[in-house]
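First comes the structure, then the notes that go with it.
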Amino acid sequence: MKVRIYKELFKQSIEEFMIYRMTASLTVLFGIMFYGIELLAGVVYFQYTDSIMGLTRTDYMILITTANIIQMGYQFLFVASHEMLEETIIEGGLDYALIRPVNSFFYYSFQRIDIASAIGLLVSIACQCYFMRGLNLTGLSILGYVIGVLMGVWFLFLINQNIVMLSFWVEKSSKITGIPEYLFELVSRPRGIYPNVVVWVLSYVVPFFSAVNLPIEIINGNKYMQGCAYYAVFLIIISVVTYVLWNKGLRRYVSAN
């Protein structure tokens with residue numbers, strides 16, 4: 001039963017992509033274009049120097065691409081649901097998700113996938129394979145990198161989910177929904193360019209830097225166990241908190257029917 005429900009959701013996502021294929025095509029085009037601009041900027045930055053803040057050009061390209069993979073992964077899996085969630089809560093349209101014989105939190109989180117973002121994700125992965133071609137990577141380090149990226153995608157989902165869930169209590173939460181995107185753009189740059197207080201806040205209060213840099217630390221073989229352990233514990237705690245808040249929010253939810 002549960003598998004059939006999620007197959008139906010995947011089919012609906014494909015149908016929506018085909019119906020709005022012009023919009024989806026523009027989304028793919030602009031996504032790839034903005035990523036290309038980031039890479040071009042990196043080429044310009046390193047035109048007259050071999051290192052910036054301790055990073056080589058290859059290091060910089062891997063950093064930018066890792067951030068883009070995490071961003072595209074989040075958009076592929078979750079952004080379509082998040083775009084609808086605030087309005088759905090306020091208008092009392094969650095009934096369809098709540099009556100399903102599946103967990104409402106996970107059902108709504110994975111209710112839609114964004115096919116257009118999947119194309120951007122594949123482009124980013126292909127570019128990352130190119131940038132990493134000269135690194136001496138083992139199967140274990142590649143696996144660690146993939147796990148680190150998935151942790152980053154989940155982190156970005158949790159942060160956005162909590163902001164969107166404010167709609168259970170506040171009607172105009174949309175004013176702050178863009179904050180995670182701005183912060184994520186900041187951490188896709190070398191940490192050394194920011195003041196220490198900014199790095200500390202975005203590493204330990206809300207570990208955006210860990211989300212992007214952990215996969216890279218893994219493939220570089222750097223000893224980052226303290227930061228890694230803190231980041232993992234943070235994800236576990238915020239996952240539980242997010243799930244609890246979802247259920248508390250449902251108690252305040254009022255159906256339009």
Side-chain angles (χ1 to χ4, degrees), residues 26-46 52-83 85-86 114 116-128 131 145 148-164 166 173-217 219 227 231 234-235 238:
L26 290 175
T27 301
V28 173
L29 177 62
F30 283 112
I32 294 175
M33 183 179 70
F34 289 136
Y35 171 55
I37 292 173
E38 296 266 13
L39 297 181
L40 182 60
V43 173
V44 173
Y45 294 156
F46 288 90
I52 297 178
M53 295 297 176
L55 298 181
T56 65
R57 184 168 71 172
T58 298
D59 294 333
Y60 182 85
M61 295 304 187
I62 290 176
L63 173 64
I64 290 294
T65 306
T66 298
N68 202 64
I69 290 174
I70 293 173
Q71 182 76 30
M72 288 293 105
Y74 160 74
Q75 292 182 4
F76 170 56
L77 292 173
F78 303 113
V79 76
S81 295
H82 279 167
E83 286 178 345
L85 182 55
E86 179 186 11
D114 184 34
S117 296
I119 298 173
L121 176 62
L122 291 175
V123 170
S124 298
I125 292 174
C127 290
Q128 192 71 303
F131 294 133
Y145 177 84
V149 167
L150 292 176
M151 290 171 69
V153 172
W154 185 246
F155 167 81
L156 205 51
F157 159 73
L158 292 171
I159 297 299
N160 282 282
Q161 178 75 8
N162 279 282
I163 289 179
V164 177
L166 289 175
S173 62
S174 58
K175 293 182 178 180
I176 62 173
T177 53
I179 291 178
E181 183 178 351
Y182 298 141
L183 292 177
F184 200 77
E185 184 177 350
L186 286 177
V187 300
S188 64
R189 302 295 185 272
R191 281 178 287 193
I193 68 175
Y194 298 111
N196 290 336
V197 64
V198 174
V199 174
W200 186 86
V201 169
L202 294 181
S203 296
Y204 294 101
V205 179
V206 188
F208 277 88
F209 272 120
S210 297
V212 175
N213 285 273
L214 176 62
I216 300 171
E217 298 281 354
I219 62 172
Y231 179 49
F234 178 89
L235 284 180
I238 196 175

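Everything numeric here is computed off the predicted structure, so don't read it as measured data.
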Heavy-atom side-chain contact between L121 and Q75 under 4.5 Å: no
Are I159 and F184 side-chain neighbours, meaning at least one heavy-atom pair lies under 4.5 Å? no
Who passes ring pair (Phe, Tyr, Trp, His ring centres under 6.0 Å) against Y60, sequence neighbours left out? Y45, F46
Which atom names give the shortest non-hydrogen contact between L156 and Q71, and what distance separates them? CD2-OE1, 3.7 Å
Looking only at heavy atoms, which two atoms of P215 and V149 are closest? And how far apart? CG-N, 3.7 Å
Would you mind reporting whether F234 and Y204 have side-chain heavy atoms less than 4.5 Å apart? no
Any idea which heavy atoms bring Q128 and I62 closest together, and the distance? NE2-O, 3.3 Å
Do L214 and Y231 come close enough that some side-chain heavy atom pair is under 4.5 Å? yes
Residues passing the salt bridge (Lys or Arg N to Asp or Glu O under 4.0 Å) test with R189, sequence neighbours excluded, are E38
Considering non-hydrogen atoms only, spot the tightest contact between S124 and M72 and give its length. OG-CG, 4.4 Å
Do V206 and L183 make a side-chain contact, defined as non-hydrogen atoms from C-beta onward lying under 4.5 Å apart? no
To the nearest 0.5 Å, tell me how far L77 CG sits from W154 CH2. 10.0 Å
Step through it carefully: locate the ring centre of F208, locate the ring centre of F155, and say whether they are under 6.0 Å apart. yes
Does one side chain, of T65 or N68, offer a donor that lies under 3.5 Å from an acceptor on the other? no
Supply the atom-to-atom distance I216 CD1 to T66 OG1, rounded to the nearest 0.5 angstrom. 4.0 Å
Measure the shortest side-chain to side-chain distance between L39 and F131 over non-hydrogen atoms and say whether it is less than 4.5 angstrom. yes
Would you call D59 and L63 a side-chain contact if the rule is heavy atoms closer than 4.5 Å? no
Minimum heavy-atom separation for P180 to I163, with atom names? CG-CD1, 3.3 Å
Compare all side-chain heavy atoms of F209 with those of L186 and state whether any distance is below 4.5 angstrom. no
Closest approach of V212 and V187, non-hydrogen atoms and distance? CG2-CG2, 3.7 Å
To the nearest 0.5 Å, what is the distance between CD1 (I69) and OH (Y35)? 7.0 Å
Pairwise distance CG(N160) to OH(Y74) - rounded to 0.5 angstrom: 3.5 Å
Once ring pair (Phe, Tyr, Trp, His ring centres under 6.0 Å) is applied, do any residues pair with Y145, and if so which ones, sequence neighbours excluded? none
